[in-house]
Asker: 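Can you read through this structure? Questions will come right after.
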Amino acid sequence: MAKFSRIDDIQPFHVMALLARAKELEAQGRDIVHMEVGEPDFPTPQPIVNAGMEAIRQGDVHYTSAVGLPELRQAIADFYQSRYQVSVTANRIVITPGASGALMLALGVVMKEGDEVLLPDPGYPCNRNFVRFLSGKTRSIEVDASSGYQLTLKHLKDNWQENTAAVIVASPSNPTGTLIARDELMAMADFVKTKEAWLIVDEIYHGLVYENEVSTALNINDNIIVINSFSKYFNMTGWRVGWLVAPVKLVSDLDKLAQNIFLAAPTPAQYAALAAFHPETITILENYKKEFKHRRDYLLPELKKLGFKIEVEPQGAFYIYANCEKFSHDSYQFAYELLENIGVAITPGKDFGENKANTFVRFAYTVSIDKLKEGVKRLAGYLAEKDS
Ligand SMILES: Cc1ncc(COP(=O)(O)O)c(C=O)c1O
């Protein structure tokens, strides 16, 4: 039988196998400290849950328009105005099944078969798989601490090809939690525009930036597509609602593609998301955010004390990307070693690319501070013994 090469080219999340093993150990009665999971541990705020349940009770369970519920598109437009003082018309907003759906749609309309997309390595792993699935090519650009693990204008200039159609960045980033400085982002956006290409800016972790004020990339120029989601800041991962903001000229193509790929985002979840911007919900979310910051401020110095090298401090998201070369030059094997020996689960670097992946791991502080303390205690005992 002929080989279906496109699917062969798609990588699984390696951490899923590790998570399965962690669950197996838990079923055997072991206590596992989960620092591998990239989703908030908090419950969805009650006003959102109530709005979702009410929608189901009312029978709001039919397809919405493929680009989403008009009220939700408007609520998101209002959110850009109130949060960033940026004026966006609701007809530029497309509601999607998570940021995942938004990334897929955006790439689907801006690239042709054989086009190239520039990505940072390390970076969010699905992006390269989306591009491959769409018969495009990715150029993964190695980034390091000197640019806060983010792409810069120089990277774009050095790597630009005739067939480069788009660049994807995330600020804050997964796995590093680092931001792109506004002036660098503007310089990149202007360069991409001169090339008549697209800058896709993933702002999914925007709500979770702990010190700096962040501004959306939306008002830089009109060759930008912004991706966002209710998954992370809004604690709605499983509801599967996200969105993108694109120039009006792309919306009919996005609509067409959405109709074909997923028809619409889940309707009750879209109604639930309408409550995400209510002041009482925001109060709950800001408390969650404070807790995430508290966890980061605890975990970051503790990991450094243990001997992990963290050259750039994360400013947002809920991740710490740490160099583990003091303990291992095979971070995949190291992650399994920690899981089996001390029940601490973390994500190996190879889930985020190939750039020095063997000497990096990602810690997610998506568990309670007490659990983090337990994880640090176990690591301290085990790593000290390993060192001696
Ligand atoms: C950078 C980034 N973008 C997009 C996503 C997809 O999120 P969702 O589809 O749940 O909105 C994730 C999930 O971890 C992510 O880390």
Side-chain angles (χ1 to χ4, degrees), residues 11-16 19 34-42 44 48 68 72 76 93-108 117 119-131 133 138 140 143 148-151 166-180 199-209 214 216-217 225-245 258 261-262 264-266 269-270 272-273 276 292 314-321 346-347 349 351-353 362-366:
Q11 302 289 319
F13 277 122
H14 299 292
V15 74
M16 286 304 177
L19 182 62
H34 289 280
M35 291 192 272
E36 80 284 36
V37 182
E39 68 173 328
D41 52 319
F42 299 115
T44 300
I48 301 179
L72 185 57
I76 292 170
I93 294 164
V94 177
I95 312 294
T96 53
S100 309
L103 284 160
M104 189 74 184
L105 280 193
L107 287 166
V117 176
L119 305 168
D121 180 354
Y124 180 58
C126 300
N127 291 336
R128 61 175 184 268
N129 294 325
F130 289 142
V131 175
F133 188 64
T138 50
S140 293
V143 289
Y149 293 100
Q150 292 282 7
L151 291 179
V167 180
I168 308 179
V169 292
S171 178
S173 137
N174 177 5
T176 63
T178 52
L179 295 169
I180 305 179
L199 181 62
I200 299 176
V201 185
D202 186 341
E203 297 185 347
I204 188 170
Y205 294 106
H206 244 215
L208 296 171
V209 174
V214 277
T216 173
I225 299 176
V226 163
I227 306 290
N228 210 321
S229 173
F230 290 97
S231 286
K232 309 289 172 154
Y233 171 68
F234 298 97
N235 294 260
M236 293 180 69
T237 44
W239 297 76
R240 309 309 303 134
V241 212
W243 73 89
L244 62 77
V245 190
I261 297 185
F262 45 73
Q270 293 192 64
F292 277 130
Q315 297 132 304
F318 29 63
Y319 306 119
I320 298 175
Y321 196 56
I346 55 175
T347 305
D351 260 340
F352 309 102
R362 187 194 74 179
F363 290 83
Y365 40 95
T366 47

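Counting starts at 1 for both ligands and their atoms, following the listed order. Position 1 is the first residue of the sequence, and the numbers go up from there.
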Asker: Can you confirm whether Leu103 sits close enough to Tyr124 that some side-chain heavy atom of one is under 4.5 Å from a side-chain heavy atom of the other?
Answerer: yes
Asker: Going by the ring pair (Phe, Tyr, Trp, His ring centres under 6.0 Å) test, name the single residue among Tyr149, Tyr205, Phe363, Tyr365 that passes it with Tyr319.
Answerer: Tyr205
Asker: Can you find a heavy atom in the side chain of Leu107 that is under 4.5 Å from one in the side chain of Ile168?
Answerer: yes
Asker: Report all N/O contacts between ligand 1 and the protein shorter than 3.5 Å as a table of atom names and distances to 0.1 Å; if there are none, say 'none'.
Answerer:
residue, atom, partner, partner atom, Å
ligand 1, 3 (N), Asp202, OD2, 2.6
ligand 1, 9 (O), Ala99, N, 3.2
ligand 1, 9 (O), Ser100, N, 3.0
ligand 1, 9 (O), Ser100, OG, 2.5
ligand 1, 9 (O), Arg240, NH2, 2.8
ligand 1, 10 (O), Ser231, OG, 2.7
ligand 1, 10 (O), Arg240, NH1, 2.9
ligand 1, 11 (O), Ala99, N, 2.7
ligand 1, 11 (O), Ser229, OG, 2.6
ligand 1, 11 (O), Ser231, OG, 3.1
ligand 1, 14 (O), Lys232, NZ, 2.7
ligand 1, 16 (O), Asn174, ND2, 2.9
ligand 1, 16 (O), Tyr205, OH, 2.7

Asker: Check whether any side-chain heavy atom of Ile95 lies under 4.5 Å from a side-chain heavy atom of Ile76, and answer yes or no.
Answerer: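 Touching, per the 4.5 Å side-chain cut-off.
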Asker: Which residue in the set Asn174, Ile346, Ile320 passes side-chain contact (heavy atoms from CB on, under 4.5 Å) when paired with Arg362?
Answerer: Asn174
Asker: When you compare the side chain of Gln11 with that of Asn129, does any pair of heavy atoms fall below 4.5 Å?
Answerer: yes
